[in-house]
Number of protein chains: 2
Amino acid sequence: MSSPTTPRRGYHHGDLRAGLIREGIALLAETGVAGFSVAKVAVRAGVSSAAPYRHFPDREALLAACAAAILADITDLLAAAAEQAGPDPLDRLAATAGAYTRYVLEHRAGIDLIYSYEFSGPHHPTVQEQSRRLTGALMDLGSAVLPADVSWADTADFVYVHLSTTHGYATLLVKGTRPPQDIDSHAARAVTAARDHITGYLQRLNNRETA
Amino acid sequence: MSSPTTPRRGYHHGDLRAGLIREGIALLAETGVAGFSVAKVAVRAGVSSAAPYRHFPDREALLAACAAAILADITDLLAAAAEQAGPDPLDRLAATAGAYTRYVLEHRAGIDLIYSYEFSGPHHPTVQEQSRRLTGALMDLGSAVLPADVSWADTADFVYVHLSTTHGYATLLVKGTRPPQDIDSHAARAVTAARDHITGYLQRLNNRETA
DNA sequence: GTCTATAGGGAGATAGAC
DNA sequence: GTCTATCTCCCTATAGAC
């Protein structure tokens, strides 16, 4: 946002606002939303507990900024994973499940935030915008998998199940009592599960048509 | 636990311990884990803020008791839904997704708790026991769906995906920005999604065998 | 078993100096 | 923009009366 020619002298590192978001995300990853506090974030960023309030009006605004940043990161990662997966639409959509799982496992509890706060209302436009970016990217991938005659609403439902399925798998892994394995194998399982769902969905469409 | 012949005179209603768990679950449903406090639960139950500490050593013990109660409820509901679904194993397993979704939508945020706390360790045997009951019930339903030659470990993976998928769908519905619909239609969608996953899984098994 | 009272701590947020 | 200092509120948990 700020031009690189104004190095922002006067505080301990170039951009406190960005630093607070970064440390906020790190704190969320370690303690979850429950352990989050403006004071702790300030300490991590090396400033006093009052400093954050120059950049964010209140605790919720800082949380919202973290959520928006996480959503933006995820969207980029999913897009990259789809790109890497090659030309087949099914491969591309399924790959997003692996990338999502990988992100959640690496960032632990930070994910709760995205779906746990009151960010749906008009009070957090940035979060909504990033949320729409994520949804939009998945809609593109989803509509490429489904036949052309599937309605937009049905595609949205299909994509929604794909996302929530993946979300559930990844979050349960993080919190659950499963034997911990390496991230790669967990991500691979997520891709397989997504693929199973997609093929099952397509099969149901076929059965409906031929009936 | 207490015999009905000893009505427990001396405090304002028959069984404060049970009342605290009940109110704790209600509070969790309204505010989530973040808004939970022993003091609030005490007020809801009509006792002083010190009273709960006669029945639970600390805040976490009360949370654990609530979690165990929720898990027990869910297990019973899933079992009942499977029973109602008829004889077909696929119908029975898929029906649990609907019952789970229904429970989550009716109890809102109360669900976070089950997967959000440090209940995995040996510190909360009751929670672990109820968690195993739930897993066991699903394993029975899952192994009935899969061919007999599928290993126990693979069945566990399959059931795990089924549960986490359902969990993700339901929790995203609760917190998400989706247009609110009636619970029945949401539950029906969950059943369909579970069915898609199951058929996709079985189809993959078939393809593997015939290859 | 439940009460009142309280100690002790953490965190949100503001005021005013620099 | 950031600091120090502070006010206020809420929560956990304990002590001692009944």
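Protein chains get the first letters and strands the later ones, always in sequence-line order, with residue 1 at the start of each.
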Scan the side chains in residues 161-168 of chain B for donor-acceptor partners under 3.5 Å anywhere in the protein, sequence neighbours excluded, and list what turns up.
from   : atom 1 : to     : atom 2 : distance (Å)
B/H162 : NE2    : B/L93  : O      : 3.4
B/H162 : NE2    : B/T96  : OG1    : 2.9
B/S164 : OG     : B/Y160 : O      : 3.0
B/S164 : OG     : B/V161 : O      : 3.2
B/T165 : OG1    : B/V161 : O      : 2.9
B/T166 : OG1    : B/H162 : O      : 2.8
B/H167 : ND1    : B/Y100 : OH     : 2.9

>> Please enumerate all residues that pass side chain to side chain donor-acceptor pair (under 3.5 Å) together with A/D88, with sequence neighbours excluded.
In response: none
> Got a sec, which residues hit side chain to side chain donor-acceptor pair (under 3.5 Å) with A/D73, two or more places apart in sequence or on another chain?
Replying inline: none
Tabulate below the donor-acceptor pairs under 3.5 Å that side-chain atoms of residues 132-144 of chain B make, not counting sequence neighbours, or state none.
from   : atom 1 : to     : atom 2 : distance (Å)
B/R133 : NH1    : B/Q130 : OE1    : 3.0
B/R133 : NH2    : B/D76  : OD1    : 2.6
B/T135 : OG1    : B/S131 : O      : 2.9
B/S143 : OG     : B/M139 : O      : 3.0
B/S143 : OG     : B/D140 : O      : 3.1

> Which nucleotides of nucleotides 11-16 of chain C have their base under 4.0 Å from a protein heavy atom (B), which only their sugar-phosphate (S), and which neither (-), written as one string 5' to 3'?
Replying inline: SSBB--
Considering only distance and modelled atom types, tabulate donor-acceptor pairs under 3.5 Å from the side chains of residues 190-197 of chain A, sequence neighbours left out.
from   : atom 1 : to     : atom 2 : distance (Å)
A/T192 : OG1    : A/A188 : O      : 3.1
A/R195 : NH1    : A/D91  : OD1    : 3.3
A/R195 : NH2    : A/D91  : OD1    : 2.9
A/D196 : OD1    : B/R204 : NE     : 2.8
A/D196 : OD2    : B/R204 : NE     : 3.4
A/D196 : OD2    : B/R204 : NH2    : 2.8

